[in-house]
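First up is the structure itself, then whatever we jot down about it.
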There are 2 protein chains.
Amino acid sequence: MAVDTALLTLDPADPELSVLQVRRTDGPGWALPGTFLHPGERLADAVERSLRTKADVRGLRPRQLRVYDDPARDSRGWVLSVAHVEVVPIRRLDSRRPRDTRLVPVARPGRLGFGHAEIIARAAQEVRDRYADRPDPDHLLGRQFTLGELHRVHQAVAGRPLQRDGFRRLMKPLLCPTGHLVTRTGGRPAELFRRVSNP
Amino acid sequence: MAVDTALLTLDPADPELSVLQVRRTDGPGWALPGTFLHPGERLADAVERSLRTKADVRGLRPRQLRVYDDPARDSRGWVLSVAHVEVVPIRRLDSRRPRDTRLVPVARPGRLGFGHAEIIARAAQEVRDRYADRPDPDHLLGRQFTLGELHRVHQAVAGRPLQRDGFRRLMKPLLCPTGHLVTRTGGRPAELFRRVSNP
DNA sequence: CAAATAGTGTCTTTCAGACATTATGCT
DNA sequence: AGCATAATGTCTGAAAGACACTATTTG
């Protein structure tokens, strides 16, 4: 019994939804981070453990995607894997080891074994669905942000342009205005917003 | 490692979405049909096996819901369970043993252990989502049916009345007219339809 | 002023909800 | 005729797509 995780993030330099991959220890190539489940361990704890040791990321709320149970999936034997998806802002990945990890756009995941390409595709779809009608539910942005910043993040997650005015009208009733203005780049100052109910 | 299945059906006498429960062998009360996974066995095969022995149902296409991994879930020890959902017409349950099984409306599942009530709620939601915009995807009806029959099935699955004319307009473009009319009860004869792409 | 970004107004199309009307068989 | 069911027509309001316009900053 194993867990595998598609850890997604946004690279601000290249605004595409990307997935963390780790160098395989048992052979050449890359794979999703994963681990075998310890006896009595919860799935979320195993995900946390695998990502803590491989990418130094903590405080996760992984979501299950599905179980992959094809007996031929893993050449080492019969391994059931519970696929998970998790989204973190890229600064949470700063402490990862660059030689043993890489970030790859989800649209071009490379050649992966274990059916990991399918997990990535499903993970990307899950995140896109989550972002379709909620303002940045996975906190890629901080507590406060402008509608322009939110717009760019949602476009990057969706992987396609989203109409600006329609996006504003959809998101504005879901946000809490702070009343503060901010000037980030040359242009009219933008209003800062917060998510509505935020821990 | 185990599988549990919410096997849903419609009782024509009482048009509510109902779930099959089996008498527990290790204690009093009722539970969802389930079994432990055999080594090397696929999840879908374990589901099929458990339902074949307990309800004499074959030819299933179970869908995964999620894994339940709470270590305190099963008092007998550490058991991960993959919950599944499956829908069959009630005639496929004719050969079940009446004393050891029962059909219960999903809205009132009774007192169940192992978190089975939550599985049932999630299963019902999954089926309702599937039925929201497709004509009877799980073949509760046969190959041919009238829009009135389809309407009654969808209402029973949804657990609430669905507007008749809106339902017709939504479903008609998804159906293939046969050109044949049929008179089932006193009233104007209805046209028979088929699903569009049907194996 | 020009460029860049933020914010608003408005038109059209589409679609769901709701109600009404017509069609055709049965007793 | 009267009832039951099937099928269609039409109005309205909400939401999405699309385009245009105004507002406010920097250089």
Side-chain angles (χ1 to χ4, degrees), chain A residues 10 12-13 15 128-136 140-196, chain B residues 10 12-13 15 128-136 140-196:
Chain A
L10 280 187
R128 283 171 179 154
D129 289 346
R130 275 171 69 78
Y131 270 71
D133 56 357
R134 270 172 293 189
D136 187 27
L140 287 167
L141 295 166
R143 269 170 48 82
Q144 299 189 132
F145 44 83
T146 68
L147 275 169
E149 291 163 342
L150 188 68
H151 184 225
R152 285 186 284 276
V153 163
H154 276 249
Q155 283 189 135
V157 168
R160 63 189 174 87
L162 303 173
Q163 194 142 323
R164 200 170 55 95
D165 46 4
F167 179 79
R168 294 181 73 84
R169 270 183 305 186
L170 177 66
M171 289 298 165
K172 194 137 175 216
L174 307 176
L175 294 172
C176 175
T178 65
H180 296 150
L181 295 183
V182 70
T183 304
R184 298 223 204 272
T185 89
R188 173 172 170 177
E191 192 172 1
L192 277 175
F193 292 88
R194 272 197 295 268
R195 298 176 188 82
V196 276
Chain B
L10 280 187
R128 283 171 179 154
D129 290 346
R130 276 171 67 80
Y131 270 71
D133 55 358
R134 272 172 291 189
D136 187 27
L140 287 167
L141 295 166
R143 270 170 46 84
Q144 299 189 134
F145 44 82
T146 69
L147 275 170
E149 291 163 342
L150 188 68
H151 184 225
R152 283 185 285 275
V153 164
H154 277 249
Q155 284 190 134
V157 168
R160 64 191 174 87
L162 302 173
Q163 196 144 320
R164 201 167 54 93
D165 44 4
F167 178 79
R168 295 180 73 84
R169 269 183 305 185
L170 177 66
M171 290 298 165
K172 194 136 176 220
L174 307 176
L175 294 172
C176 175
T178 65
H180 295 151
L181 295 182
V182 69
T183 303
R184 298 223 203 273
T185 89
R188 173 172 169 177
E191 193 172 0
L192 277 175
F193 293 87
R194 270 195 297 266
R195 298 177 187 81
V196 276

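The chains referred to below are lettered A, B, ... by the order of the sequence lines, with proteins before strands, and numbering in each begins at 1. These numbers come from the heavy atoms of this one structure, side chains and all, not from hydrogens, waters or symmetry mates. From a predicted model like this one, the values you see are computed outputs, not experimental measurements.
- The CD atom of B/Q163 sits 17 Å away from the P atom of D/dG9 (whole-angstrom rounding).
- Closest of all the heavy-atom pairs between B/R194 and B/T178 is NH1-CG2, 3.9 Å.
- Contact detail for B/L174 and B/D133: the closest heavy-atom pair is CD1-O, 3.5 Å.
- For A/R130, the side-chain hydrogen bond (donor to acceptor under 3.5 Å, both in side chains) partners at least two apart in sequence or on another chain are A/D138.
- The nucleotide whose nearest atom lies closest to any side-chain atom of A/T146 is, among D/dG17, C/dA6, D/dT25, C/dA6.
- For B/L147 and D/dA6, the CG to C1' distance is 9 Å, given to the nearest whole Å.
- Atom C1' of nucleotide C/dG7 and atom CG of A/L150 are separated by 15 Å, given to the nearest angstrom.
- A/R188 has its CZ atom 6 Å from the P atom of D/dT24, to the nearest Å.
- Put simply, the side chain of A/H154 gets close to the backbone of A/D136: a donor and an acceptor are under 3.5 Å apart.
- The heavy-atom pair separating A/R195 from A/L175 by the smallest distance is CA-CD2, 4.3 Å.
- Considering all non-hydrogen atoms of both residues, A/R128 and A/V157 come closest at NE-O, 2.7 Å.
- Shown for residues 166-175 of chain A: residues whose heavy atoms fall under 4.0 angstrom of DNA chain C, namely A/R168, A/R169, A/K172.
- Residue-level contact check: B/R164 touches the bases, meaning some heavy atom is under 4.0 Å from a base atom.
- Atoms CG (A/L181) and P (D/dA23) sit 16 Å apart, rounded to a whole Å.
- Here D/dA7 is the nucleotide among C/dG25, C/dA18, D/dA7 with the atom lying nearest to any side-chain atom of B/E191.
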